[in-house]
Peer 1: 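Shown below is the structure under consideration.
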Amino acid sequence: MSPIPKTAPFAEEEINLLNRVVGPATAVQRAWLAGFLAGLDASQTGGVVLPVAPARPAEPITIVYASESGNCEKLAGDLAKAARKNGLKPTLIDMADLDLAQLDAAKRLVFIAATWGEGEPPARAVRAYGELMGEGAPRLDGVEFGVLALGDTAYAEFCAIGRRIDERLAALGGKRVVERADCDLDFAAPAAAWIGDALKVLTPPDADRGRVIEVDFGKPAAAPNTDIVEAEISEHVNLNSSRSNKETIHLALAFDGAAPAYEPGDSLDLYAENDPAYVDELLKFAGLAGDDKLRAELIKTRDVTTLSLKTVETYVAQTGHQYVKALLADGQAKDWIAGRQLIDLIANFQIALTADHLRALTRPLAPRAYSIASSRREVGDEAHLLISAVRYETHGRARKGVASNYVAERLKRGGRVRVKLKPNKHFGLPAADKDIIMVGPGTGVAPFRAFVQERRATAAKGRSWLFFGDRQFTHDFLYQLDWQEALKDGALTRMDVAFSRDTPEKIYVQHKIWEKRRDLIEWLDGGANFYVCGDAKNMAKDVRAALVRAYAEVKALSPEAAEAAVASLERDKRYLQDTY
Ligand SMILES: Cc1cc2nc3c(=O)[nH]c(=O)nc-3n(C[C@H](O)[C@H](O)[C@H](O)COP(=O)(O)OP(=O)(O)OC[C@H]3O[C@@H](n4cnc5c(N)ncnc54)[C@H](O)[C@@H]3O)c2cc1C
Ligand SMILES: Cc1cc2nc3c(=O)[nH]c(=O)nc-3n(C[C@H](O)[C@H](O)[C@H](O)COP(=O)(O)O)c2cc1C
């Protein structure tokens, strides 16, 4: 029997750890530990041994997070830590692992949820989210709850998932004791404030009330460095040929000291600057050309491209512009902003603006994430990125993605850039003897270069199979030489490619998956992990659908059974996605 009871005022994982130590300890070891702890208390209270308060079971709080790139997961951990300090006993659940029956027993419930795609749940949370919204969801009568939503005002469906979960918990009978907060990309301060407020309400009156609730955002001692660091650009190479209509930059970053301790599957957040030409045009339309201080501030620190409903509302509040006011009042603003940027609003509805008006129309410039395309075991204190320049035209204006064009057009070899490690523990390599199947068209191939380098450096025994795709073999075969080498030295066992514009009918990676379905299912039956990285809008869905069809055909399963086979891979964390 475990000596530390589940009611002890520790988190579940801490109770497990204590049991691992105390459980097998000898009588002598236990006596030593008891004496040691008593002595420790005495030394901290000036030699006076304080009377021990009668043990009271800590009140539970269930914290569920729906996260893809880790922000909600981090906040949920912060909340759990603060709850524990407040005398509560938190249970932390990744929505990917949520069994709705766990909510039955909940007394206090917090959801911290991100929105992805176009108003969709994070990929890992899709199953549990569907169940929560479905008929089988349990009643939550009287359960005290609160929801913290993370999102991005640039998306039409801002914080949609948090909003829907909030509505659903109330519809299931839950008692909303703290109003939902919808946070934009600069969520740190509002999220910390919400956590503080939520804990004040969710902490029962007989637990240490009145204590100042500290939200400790420090990182655990053993965590890798996730501070912003500078690196020098040691390589800047366009991997597309000059005849391609794409530009994909291989960027090698050399750190001044040790590289942040990244693992294959992690990303770097890159801090870009805006295009000075765009900012000059914006200032001209705003009647603020010549304000050099504002220009520098906008280039370096403000998001000057995003146009959201919130921006339009701010514009009306500041200027009282009649046409824009009418757009909002008629409900046309949502359609009008689609495909447009801040510059369109200011150019189309010109009115004299002050520098402060313009500041208020922008939010802080957020970094952009890029998958790391290298393994430290192969490249040392460097990190490689693969960045595709985003360029398109809408409403008669040529548009350029902020960060990708900063990299493609303005960063040069020898220049410097600021980055921050964004670990992703949900997209790592399995044990070295396990097979891996990697599906990564376009820049989706980046983390798989890290996987293959790592497998080579560790002489991993497991086989690896890569599906890659892009437009044309001759012009767009990203890292072609690396793959050829890896196939030769065995770091890569197999590779299948799909070049969509080389043949009259378009061939994509999902077609290759279908073509190779027998071998693929054999690998999966043998325990292989299946990884997908890259485009979330179409590719990831098409790949999943192709795999479901492959199961149905190869194993003669009904569509429902084939779907269940893929769902079970997801549940077992053998179907892993990092899509954007
Ligand atoms: C975890 C993660 C890993 C990533 N890894 C990589 C990677 O390895 N390589 C990589 O290149 N990218 C990667 N990305 C994407 C990257 O973070 C950026 O989103 C991308 O580079 C665009 O950023 P930007 O600043 O250049 O464009 P932004 O200024 O952010 O503009 C992009 C926006 O422009 C609009 N847009 C784009 N194309 C069109 C179009 N055709 N029509 C209309 N509107 C359009 C969309 O609203 C889009 O959101 C990753 C993203 C995530 C979340
Ligand atoms: C590809 C992509 C799609 C997104 N779609 C939405 C969206 O539809 N609505 C929204 O409010 N936020 C959207 N976001 C913003 C995320 O919700 C936001 O970055 C959040 O902080 C991510 O939290 P997480 O790290 O816990 O996943 C999107 C972000 C990305 C990268």
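The figures that follow rest on heavy atoms only: side chains count, while hydrogens, waters and symmetry mates do not. Counting starts at 1 for both ligands and their atoms, in listed order.
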Peer 1: Are the side chain of His236 and the backbone of Val407 linked by a donor-acceptor contact shorter than 3.5 Å?
Peer 2: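 Side chain of His236 to backbone of Val407: a pair is present.
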Peer 1: Look at atom NZ of Lys537 and say whether more than 12 heavy atoms of other residues, nucleotides or ligands are closer to it than 6.0 Å.
Peer 2: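 Not more than 12 within 6.0 Å, no.
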Peer 1: Salt bridge or not for Arg176 and Glu167, using N-O below 4.0 Å?
Peer 2: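 The answer is no: the pair does not qualify as a salt bridge.
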Peer 1: Please state which protein non-hydrogen atom is closest to atom 23 (O) of ligand 2 and give its distance, to 0.1 Å?
Peer 2: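 The answer is Ala114 CB, 3.3 Å.
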Peer 1: Show which atoms of ligand 1 fall inside a sub-4.0 Å distance from at least one heavy-atom site of Leu386.
Peer 2: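 The list of qualifying atoms is 7 (C), 8 (O), 9 (N), 10 (C), 11 (O).
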Peer 1: Tell me: protein heavy atom nearest atom 29 (O) of ligand 1, and distance?
Peer 2: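 Scanning the protein heavy atoms, the shortest distance from atom 29 (O) of ligand 1 goes to Val402 N, 2.9 Å.
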Peer 1: Can you tell me if NZ on Lys246 sees more than 12 non-hydrogen neighbours from other groups inside 6.0 Å?
Peer 2: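 Yes, NZ of Lys246 has more than 12 neighbouring heavy atoms, counting only those of other groups under 6.0 Å.
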Peer 1: Do side-chain atoms of Asn405 reach the backbone of Gly401 as a donor and acceptor pair under 3.5 angstrom?
Peer 2: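 Checked: pair present.
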Peer 1: Evaluate Ser374 against Arg449 for side-chain hydrogen bond (donor to acceptor under 3.5 Å, both in side chains), listing each step before the verdict.
Peer 2: CA-CA 6 Å; Ser374 56; Arg449 185 168 178 266; 5.5 Å; no
Peer 1: Just how far is it from atom CZ of Arg359 to atom CG of Leu294, taken to the nearest 0.5 Å?
Peer 2: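 One finds 5.5 Å between CZ of Arg359 and CG of Leu294.
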Peer 1: Heavy-atom contacts with Gly117 under 4.0 Å: which atoms of ligand 2 show up? List them by number with element.
Peer 2: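 Those qualifying, in numeric order: 3 (C), 4 (C), 5 (N), 6 (C), 7 (C), 8 (O).
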Peer 1: How close does the nearest protein non-hydrogen atom get to atom 49 (O) of ligand 1, and which residue and atom is it?
Peer 2: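 Sorting protein heavy atoms by distance from atom 49 (O) of ligand 1 puts Tyr155 OH, 4.5 Å first.
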Peer 1: Is NZ or CZ of Arg376 both nearer than 6.0 Å to the six-membered ring centre of Tyr262 and within 45° of the ring axis?
Peer 2: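 Ring-cation test returns yes.
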Peer 1: Number the atoms of ligand 2 from 1 as they appear, then name those within less than 4.0 Å of a heavy atom of Glu118, with their elements.
Peer 2: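 That gives atoms 8 (O) of ligand 2.
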Peer 1: Tell me which part of Glu120 gets within contact of ligand 2: side chain, backbone, both or neither, using heavy atoms under 4.0 Å.
Peer 2: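 For Glu120, no heavy atom sits under 4.0 Å from ligand 2.
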Peer 1: Quick check against the 3.5 Å criterion: does Asp269 have a side-chain atom that pairs as donor or acceptor with the backbone of Pro367?
Peer 2: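 Answer holds: no.
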Peer 1: Using heavy-atom distances, let me know which of Ser388, Gly70, Ala408 sits nearest atom 11 (O) of ligand 1.
Peer 2: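 Minimum heavy-atom distance to atom 11 (O) of ligand 1 goes to Ser388.
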Peer 1: When only distance counts, is Ala403 in polar contact with ligand 1, meaning an N/O pair under 3.5 Å?
Peer 2: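 By distance alone, the answer is yes.
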Peer 1: Donor-acceptor pair, Lys412 side chain versus Glu409 backbone, under 3.5 Å?
Peer 2: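 Yes.
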Peer 1: Can you report which non-hydrogen protein atom sits closest to atom 19 (O) of ligand 1, along with the distance?
Peer 2: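 Of every protein heavy atom, Arg368 CD, 4.8 Å lies nearest to atom 19 (O) of ligand 1.
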Peer 1: Counting N and O atoms only, with roles assigned by atom type, does the side chain of Arg124 sit under 3.5 Å from a partner on the main chain of Ala96, one being a donor and the other an acceptor?
Peer 2: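 Side chain of Arg124 to backbone of Ala96, a donor-acceptor pair under 3.5 Å: no, none is there.
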Peer 1: Considering only protein heavy atoms, determine whether one is less than 4.0 Å from atom 46 (C) of ligand 1.
Peer 2: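 Protein heavy atoms within 4.0 Å of atom 46 (C) of ligand 1 - there are none.
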Peer 1: Please check whether Lys422 reaches ligand 2 - meaning an N/O of the residue sits under 3.5 Å from an N/O of the ligand, judged on distance alone.
Peer 2: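 Not met; the criterion fails.
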Peer 1: Give the residue, atom name and distance (to 0.1 Å) of the protein heavy atom nearest atom 26 (O) of ligand 2.
Peer 2: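 Scanning the protein heavy atoms, the shortest distance from atom 26 (O) of ligand 2 goes to Ser67 OG, 2.6 Å.
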Peer 1: Give a yes or no on whether a salt bridge exists between Arg295 and Asp280, defined as a side-chain N under 4.0 angstrom from a carboxylate O.
Peer 2: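 Salt bridge: yes.
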Peer 1: Tell me: protein heavy atom nearest atom 31 (C) of ligand 2, and distance?
Peer 2: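 Closest protein heavy atom to atom 31 (C) of ligand 2: Trp116 CZ3, 3.3 Å.
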Peer 1: Quick one: nearest non-hydrogen protein atom to atom 27 (O) of ligand 1, plus distance?
Peer 2: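 Here the closest protein heavy atom is Gly401 CA, 3.1 Å.
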Peer 1: Just distances here: any N/O of Ser267 and N/O of ligand 1 closer than 3.5 Å?
Peer 2: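 In fact, backbone or side chain, Ser267 has no N or O that close.
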Peer 1: Considering heavy atoms of the protein only, find what lies nearest to atom 8 (O) of ligand 1 and give residue, atom and distance to 0.1 Å.
Peer 2: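 Ranking protein heavy atoms by distance from atom 8 (O) of ligand 1, first comes Ser371 N, 3.3 Å.
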Peer 1: What protein heavy atom is closest to atom 32 (C) of ligand 1, reported as residue, atom name and distance in Å?
Peer 2: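 Of every protein heavy atom, Val390 CG1, 4.6 Å lies nearest to atom 32 (C) of ligand 1.
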Peer 1: Which is closest to atom 2 (C) of ligand 1 in terms of heavy atoms, Phe427, Tyr406, Trp116, Tyr580?
Peer 2: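 Closest candidate by heavy-atom distance is Tyr580.
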Peer 1: Answer yes or no on whether Arg399 is positioned over the face of Tyr392, meaning its NZ or CZ is under 6.0 Å from the six-membered ring centre and within 45° of the axis.
Peer 2: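 Not satisfied by the 6.0 Å and 45° rule.
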Peer 1: Do the side chain of Thr115 and the main chain of Gly151 share a donor and acceptor less than 3.5 angstrom apart?
Peer 2: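 Such a contact is absent between Thr115 side chain and Gly151 backbone.
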Peer 1: Any nitrogen or oxygen of Asp152 lying under 3.5 Å from a nitrogen or oxygen in ligand 2? Just yes or no.
Peer 2: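 In this structure, Asp152 places an N or O atom under 3.5 Å from an N or O of ligand 2.
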Peer 1: How close does the nearest protein non-hydrogen atom get to atom 21 (O) of ligand 2, and which residue and atom is it?
Peer 2: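 Answer, as residue, atom name and distance: Asn71 ND2, 2.9 Å.
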Peer 1: Could you tell me the residue and atom name of the protein heavy atom closest to atom 9 (N) of ligand 2, and the distance to it rounded to 0.1 Å?
Peer 2: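 Protein heavy atom with the smallest distance to atom 9 (N) of ligand 2: Glu157 O, 2.9 Å.
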Peer 1: Tell me which protein heavy atom sits closest to atom 37 (C) of ligand 1, plus the residue, atom name and distance to 0.1 Å.
Peer 2: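 Of the protein heavy atoms, Tyr392 CE2, 3.3 Å lies nearest.
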Peer 1: Using a strict 4.0 Å cut-off to heavy atoms of Asp578, name the atoms of ligand 1 that fall inside it.
Peer 2: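 That gives atoms 1 (C) of ligand 1.
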Peer 1: Which residue and non-hydrogen atom of the protein lie closest to atom 25 (O) of ligand 2, and at what distance in Å?
Peer 2: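 Nearest protein contact, heavy atoms only, for atom 25 (O) of ligand 2 is Ser69 OG, 2.5 Å.
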Peer 1: For atom 16 (C) of ligand 1, which protein heavy atom lies nearest, and how many Å away is it?
Peer 2: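 Checking every protein heavy atom, the shortest distance to atom 16 (C) of ligand 1 gives Ala369 O, 3.3 Å.
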Peer 1: Looking at ligand 2, does Ala536 have a heavy atom less than 4.0 Å from it?
Peer 2: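 Ala536 does not count as a contact of ligand 2 under the 4.0 Å cut-off.
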Peer 1: Quick check on atom 51 (C) of ligand 1 - does any protein heavy atom sit closer than 4.0 Å to it?
Peer 2: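 So atom 51 (C) of ligand 1 has protein heavy-atom neighbours under 4.0 Å.
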Peer 1: For the rings on Phe448 and Phe468, is their centre-to-centre separation under 6.0 Å?
Peer 2: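 Between Phe468 and Phe448, which both carry aromatic rings, the centre distance is not below 6.0 Å.
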Peer 1: Using a strict threshold of under 4.0 Å (side-chain N to carboxylate O), is an ion pair present between Arg456 and Glu378?
Peer 2: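 Salt bridge flag = yes for Arg456 with Glu378.
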Peer 1: Which is closest to atom 18 (C) of ligand 2 by heavy-atom distance: Gly151, Ala369, Pro122?
Peer 2: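 Considering heavy atoms of Gly151, Ala369, Pro122, the nearest to atom 18 (C) of ligand 2 sits in Gly151.
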Peer 1: Under a 4.0 Å threshold between the charged nitrogen and the carboxylate oxygen, would Asp78 count as salt-bridged to Lys74?
Peer 2: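 Salt bridge: yes.
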Peer 1: Does some non-hydrogen atom of Cys159 fall short of 4.0 Å from ligand 2?
Peer 2: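 Yes.
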Peer 1: Just need the protein heavy atom nearest to atom 8 (O) of ligand 2, so name the residue and atom and give the distance.
Peer 2: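 The closest one turns out to be Gly119 N, 2.9 Å.
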Peer 1: Does the ring-ring contact (aromatic ring centres under 6.0 Å, His included) test come out yes or no for Phe451 and Tyr531, once each step is laid out?
Peer 2: CA-CA 11 Å; Phe451 279 24; Tyr531 297 87; 5.0 Å; yes
Peer 1: To which protein heavy atom is atom 13 (C) of ligand 2 closest, and what is the distance rounded to 0.1 Å?
Peer 2: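 Here the closest protein heavy atom is Thr115 O, 3.0 Å.
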Peer 1: Please identify which atoms of ligand 2 are closer than 4.0 Å to at least one heavy atom of Glu68.
Peer 2: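 In order of number, 24 (P), 26 (O), 27 (O).
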Peer 1: Under 3.5 Å between any N/O of Ala66 and any N/O of ligand 2: does that happen in this structure?
Peer 2: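 No.
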Peer 1: Provide the number and element of each atom of ligand 2 under 4.0 Å from a heavy atom of Phe158.
Peer 2: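 Result: 11 (O).
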Peer 1: Within the structure provided, determine whether Leu132 and Leu103 are in side-chain contact (heavy-atom separation under 4.5 Å).
Peer 2: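 With C-beta onward as the side chain, the pair touches.
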Peer 1: How does Tyr155 reach ligand 2, by side chain, by backbone, by both or by neither, if only non-hydrogen atoms under 4.0 Å count?
Peer 2: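 It is the side chain that gets close, since no backbone atom is under 4.0 Å.
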Peer 1: May I ask you to identify, for Leu185, whether its side chain, its backbone, both or neither come under 4.0 Å of ligand 2 on a heavy-atom basis?
Peer 2: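 Side chain only.
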Peer 1: Going by the order shown, which atoms of ligand 1 are within less than 4.0 Å of some heavy atom of Ile387?
Peer 2: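 Contacts of ligand 1 toward Ile387, numbered from 1: 11 (O).
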Peer 1: As a check for students: among Phe187, Tyr580, Tyr65, identify the option with a heavy atom nearest to atom 1 (C) of ligand 2.
Peer 2: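 Selected option, by shortest heavy-atom distance: Tyr580.
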